[in-house]
Amino acid sequence: MTSPITTTRHGDVLIVTSNNPPVNALGHAVRDGLVKAIEQADADDAVKAVVIRCEGQTFFAGADVSEFGTPKAFEQPMLPHVVDRIEACTKPVVAAIHGTALGGGLEVALACHYRVAVPSAKLGVPEVKLGLLPGAGGTQRLPRVAGVQKALEMTTSGTPIGAAEAYEIGLVDKLIEGDLEQHGVAYAHEVADVRPIPKTSENDDKLAEARTNPGLFDEFRKANARKMKGFDAPEANIKAVQAAVEKPYAEGVQVERQLFMELMSGTQARAQQYFFFAERKASKIEGLPEGTKPREIKRVGVIGAGTMGGGISMNFLSAGIPVTIVEMEQAALDRGTGTMRKNYEATAAKGRMTSEQVEGAMGLLNPTLDFNALSECDLIIEAVFENMDVKQDVFGRLDKIAKPGAILASNTSYLNIDEIAASTSRPQDVVGLHFFSPANIMKLLEVVRGAKTAPDVLVTAMQLAKKIKKVAVVAGVCYGFIGNRMLIPRQTEAMRLLLEGATPEQIDKVYVEFGMPMGPFQMADLAGVDIGWHRDPTRVENIRDALCAIDRWGQKKGAGFYDYDEKRRPSPSPVVQGIIEDFRQKEGVTAREITEQEIVERTLYTMVNEGAKILEEGMAQRASDIDVVWVYGYGWPVYRGGPMFWADTEGLPKIVEGLKRQQERLGDGFTLSQMLVGKAEAGEKFTR
């Protein structure tokens with residue numbers, strides 16, 4: 001096999017080039033080639049300096065993820081040896097960076113004696129997002145070059161920085177305008193005779209300030225406690241950077257290695273790495289005819305300018321796709337477009353957009369009361385009231401005016417896409433696009449494949465999702481699709497537990513300690529207790545009806561399952577407790593002590609059971625898709641991988657045993673999934 005690493009001479013400079021598409025990942029062949037190239041430079045007296053560069057779109061963008069969990073990942077030379085060999089070169093080595101230098105790629109650059117970059121380059125260490133830390137000296141070299149504070153920020157967040165900022169803090173020595181190779185070689189000539197050669201591992205200047213401020217690390221922990229809560233990797237990164245400050249380089253590297261191995265053997269790293277692949281797998285559609293091409297989408301129509309319609313429109317406007325948005329009344333249209341502008345301006349105020357970009361996005365919007373204006377759109381999404389009659393009426397009208405080949409999409413959360421499609425003469429053009437609220441922020445998009453949805457419609461929806469920066473998952477037609485269908489048994493059991501003796505705060509506490517941003521009742525109060533309520537205050541059949549009947553609709557009313565103060569801080573509600581006790585009396589239920597384990601078994605294990613049924617019925621393509629839905633749509637902690645991965649981690653026999661233990665107390669409609677039972681008995685897992 002030819003090596004992905006080649007060398008050429010330009011005068012007395014050896015140019016080492018990597019050509020390992022698509023992202024110059026640091027696989028075994030690349031690592032081996034780099035070491036051999038450095039040894040070649042050292043052995044050749046005619047070579048005075050070295051430039052390491054990459055072909056294609058990017059500098060080394062990190063480890064080769066295809067080697068994860070395979071023997072290749074552990075074949076020598078491993079990355080720590082590679083970077084040490086680069087730094088030990090007796091000729092100055094210059095990293096010429098374009099695209100991204102991420103993870104191991106940045107560690108290679110840090111081991112070089114100098115770094116030059118084009119202004120568009122980005123540099124970062126995203127290992128924390130895989131539950132790890134930079135394990136090839138990155139936590140020891142980065143603070144010595146970029147400073148301790150910046151090293152803490154970069155290693156614990158995983159967010160890359162631009163080349164201009166990298167230059168300001170000394171992570172890049174020179175910004176290159178023009179041809180990177182040519183200017184990189186010129187820079188290598190400039191530094192060829194500089195002695196001693198500057199080695200990152202020996203540069204302690206930027207550690208001095210941190211050494212006089214021992215409280216720096218605890219201050220950083222405190223300032224970032226909320227973001228890092230529940231995750232193991234950020235704390236390990238902090239400890240590793242702290243070791244760089246408190247210990248000599250060689251000892252700091254040993255601390256880094258030990259922390260890396262601890263993370264690598266933990267369940268969080270496994271969960272986060274599993275999820276990395278799960279997200280990528282979600283975009284693959286099973287059973288499509290080969291060579292299916294997407295339809296062209298030049299203009300999008302949105303029906304409804306409310307919270308969902310406005311949020312959905314913003315996704316397309318931000319991606320440069322013109323939108324025609326239709327409302328029934330001018331006041332509703334003005335209110336909706338006003339909210340969109342306000343949201344864009346709030347983003348601009350935080351520095352995430354320029355005022356020109358705000359005007360550019362709003363300039364692509366065509367607000368109108370004329371339903372017929374949708375006739376020029378290639379994709380039309382309805383975001384109207386969640387009612388089958390209303391949606392069928394809208395689709396019947398669309399069928400008459402939409403141009404041939406236009407895709408007709410429903411933003412329904414629960415309703416049957418096939419029934420909606422049946423109200424048109426073109427069911428093959430109908431698809432579900434379930435955006436999550438707020439639609440301009442939430443990353444998840446459930447793409448619902450109807451019985452007659454055409455393959456090219458599905459492909460278009462999935463590709464368009466990428467364009468508007470959503471993570472799309474294909475779902476089948478069933479009540480609630482994937483996410484909301486699994487939410488139903490959780491919410492049902494949570495309400496039953498209230499009757500049996502639990503409190504809203506007790507149940508929510510279990511969820512928050514599990515790693516969720518909020519529990520079932522906190523979520524209901526935030527979203528609106530009245531969502532899906534029948535709107536008849538005289539019809540009180542359950543606890544939720546009773547709350548809605550007295551205007552306890554959640555945070556928007558200052559009262560729901562909790563009471564709220566003027567800053568929306570919750571406190572337990574005596575009114576709610578009274579309502580619960582009234583229902584207990586009516587139903588002849590005696591309150592008893594509810595344990596945390598019972599809450600887990602009845603609300604989380606039942607979700608896993610429903611997920612297994614979704615797989616049994618073919619409503620999700622794979623278990624990992626279910627996990628993507630729950631991490632991106634409902635705040636399931638990524639360090640637990642998603643409900644199906646978590647079930648595998650807990651052990652499926654344990655899940656089945658817990659469900660059997662609770663079977664008498666579970667609702668009448670509860671049945672154990674045969675797939676779940678079968679996998680538990682066979683010692684199998686949902687995920688690999």
Side-chain angles (χ1 to χ4, degrees), residues 10-16 34-35 37-42 44-45 47-53 59-60 79-97 101 104-118 121 123 125 134 136-151 154-155 161 163-176 180 183-211 241 243-245 247-253 256:
H10 189 288
D12 53 9
V13 174
L14 184 73
I15 303 171
V16 178
L34 282 173
V35 169
I38 294 298
E39 286 170 349
Q40 177 189 336
D42 263 343
D44 189 341
D45 291 339
V47 171
K48 297 280 189 248
V50 180
V51 171
I52 297 178
R53 62 176 290 275
F59 193 71
F60 305 109
L79 195 58
H81 173 75
V82 176
V83 294
D84 288 346
R85 185 64 192 87
I86 292 170
E87 191 180 69
C89 185
T90 57
K91 322 286 172 71
V93 182
V94 178
I97 302 166
L106 184 56
E107 288 179 300
V108 167
L110 284 165
C112 295
H113 308 117
Y114 301 95
R115 287 156 295 283
V116 299
V118 296
L123 300 86
V125 275
T139 64
Q140 304 307 295
R141 287 190 174 97
L142 187 58
R144 286 174 160 85
V145 180
V148 174
Q149 183 68 27
K150 185 52 70 174
M154 289 175 72
T155 57
I161 62 170
E165 185 182 351
Y167 174 68
E168 279 172 30
I169 62 176
L171 182 51
V172 164
D173 298 294
K174 187 173 185 178
L175 291 176
I176 300 291
L180 180 60
H183 289 287
V185 168
Y187 188 79
H189 280 297
E190 279 178 43
V191 299
D193 297 321
V194 174
R195 295 294 182 276
I197 295 173
K199 293 183 178 179
T200 308
S201 64
E202 294 173 0
N203 178 16
D204 282 6
D205 295 353
K206 292 200 174 179
L207 305 181
E209 192 184 338
R211 284 174 175 161
V241 172
V245 173
K247 296 177 185 294
Y249 177 80
E251 289 179 31
V253 166
E256 177 190 87

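Keep in mind that this is a model prediction, so the values were computed, not measured.
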May I have the step-by-step check of side chain to side chain contact (heavy atoms under 4.5 Å, CB included) for Val148 and Glu209, ending in yes or no? CA-CA 9 Å; Val148 174; Glu209 192 184 338; over 6 Å; no
Using the rule given for side chain to side chain contact (heavy atoms under 4.5 Å, CB included), can you reason through Arg53 versus Leu180, listing the C-alpha separation, both sets of side-chain angles and the distance that settles it, and then say yes or no? CA-CA 9 Å; Arg53 62 176 290 275; Leu180 180 60; 5.8 Å; no
Full working for side chain to side chain contact (heavy atoms under 4.5 Å, CB included) between Val51 and His10: CA-CA 10 Å; Val51 171; His10 189 288; over 6 Å; no
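Side chain of Arg115 to main chain of Leu171: a donor-acceptor pair is present (N/O by atom type, distance under 3.5 Å, no hydrogens or angles). Under the 3.5 Å distance criterion, the side-chain polar atoms of His113 are left unmatched by any main-chain donor or acceptor of Val94. Using a distance-only test at 3.5 Å, with no hydrogens or angles considered, no donor-acceptor pair links the side chain of Lys206 to the main chain of Arg144. With hydrogens and angles disregarded, a donor-acceptor distance shorter than 3.5 Å links the side chain of Glu87 to the backbone of Ser201. Formation of a donor-acceptor pair under 3.5 Å by the Asn203 side chain with backbone atoms of Asp205 is found in this model. At least one donor-acceptor pair under 3.5 Å links the side chain of Lys91 to the backbone N or O of Val47.
Nearest heavy-atom pair, Ile52 versus Phe60, reported as atom, atom and distance to 0.1 Å: CG2-CE1, 3.8 Å. For Ala101 against Leu106, the heavy-atom pair with the smallest separation is O-CB, 3.6 Å. Minimum interatomic distance between Phe59 and Ala109 (heavy atoms only, all atoms of both residues): CE2-CB, 4.2 Å. The nearest pair of heavy atoms linking Ala146 to Ile169 is CB-CD1, 3.8 Å.
Lys48 pairs by the side-chain contact (heavy atoms from CB on, under 4.5 Å) definition with Asp12, Ala192, not counting sequence neighbours.
More than 12 heavy atoms of other residues, nucleotides or ligands sit less than 6.0 Å from atom CD of Glu190. Within 6.0 Å of NE2 in His183 there are more than 12 heavy atoms belonging to other residues, nucleotides or ligands.
Note that CD1 of Ile38 is 8.0 Å distant from CG of Leu14, once rounded to the nearest 0.5 Å. Annotation: the span from Leu142 atom CG to Thr155 atom OG1 amounts to 7.0 Å, rounded to 0.5 Å.
Using a 4.5 Å heavy-atom cutoff, the side chains of Ile97 and Val116 are not in contact.
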